Amino acid sequence: MAEYKTVDSQEFPRFSGIRTFMRMEYVKTTQDVDFAVVGIPFDSCASYRVGSRFGPSAIRDISSLTKPYNPVLNANIFDYCNGIDYGDVRTVPGYIEDSFDSIQTEMHTLFAGGVVPIAMGGDHSVTLPELRACYETHGQVALIHFDSHYDTWEEYFGKKYNHGTPFRLAANEKIIDTSHSVQVGIRGGLYTREDTQMSPDLGFYVLTAPECHKMGMEEVICRIKERVGDKKAFLTFDIDFLDPAFAPGTGTPEIGGFSTAQALEIIRGLKDLNIVGYDVVEVAPQYDCGNITSFAAANLMTEFMAHLAYRKIKK
Ligand code: MN
Ligand code: MN
């Protein structure tokens, strides 16, 4: 039985207590920890609507509704894993480099301590310092990137740091192996036709949303698994991968997206991959309705935890 686990909901109702993610213990340790949920409340790189600095608190709030046993994977998270809420990374609003340094340092502690981080943004720029930290421990990883956007722009407003640029920078810094990386769910209008070439030119495999809808989710899973192989991977999930009908609470929504059921199917299909870090980004609760966006994010995060339990059972 895990030392660090969630509160027993038969003893204490799920609406009670101080909010940590899934009512796990708030501890700043890597000792005997399998995974740590960590908040990265930073949105100074958003190009349109800000507000994802409040993502972690909104996700924590609704996460008390999630449960530890995943019937599809037949895995009870805390039978196999010690999990904690590591709290939030220190950020400096408006100061990108300072925040990135701080994010990298704290994420390094987790990766180097043998912990699988499950981070919650913040805007998508925070994934860059996460990947820098990941590289320090794991070397080049494959990137599994769910998003409606490529996020591989050269620059935005003449600046290199923006939530639309992290994966060009990660590719250029050679902290990810683009030859095993995949971007899934890309859709929506662009500025020019050349924009569709940015990611392929960097070596990414791209599965656009129209292609995914046409081939079906089962085939999407096959393509991702084939691309990643047995390489170590980092999974980043921009909540705008979901259709705005399922996730309105985000900064730059795009129609023609995916349902939460489809997202669950894909994520569960990736349970065998060697994923060493996860994040969910771009939840902006101000634009949410009935907390559905933060609830989707919280559930995706518990799916990631179930991955880890499943892989321990399989060993
Ligand atoms: Mn993104
Ligand atoms: Mn996006």
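Along the sequence shown, residues carry numbers from 1. None of these values were measured; they are calculated from a predicted model. One-based numbering, in listed order, for ligands and for the atoms of each.
Salt bridge K314/D272: present, at least one basic N to carboxylate O contact under 4.0 Å. Remark: D34 engages K312 in a salt bridge, criterion side-chain N to carboxylate O under 4.0 Å.
For the pair S102 (side chain) and D98 (backbone), a donor-acceptor distance under 3.5 Å is absent. Under the 3.5 Å distance criterion, the side-chain polar atoms of E11 are left unmatched by any main-chain donor or acceptor of D8.
For residues 122-137, the salt bridge (Lys or Arg N to Asp or Glu O under 4.0 Å) pairs, not counting sequence neighbours, are R132-E173.
Around the Mn ion (ligand 1), protein atoms of type N, O or S found under 2.8 Å number 4.
T165 and N162 form no side-chain donor-acceptor contact under 3.5 Å, judged by distance and modelled atom types alone.
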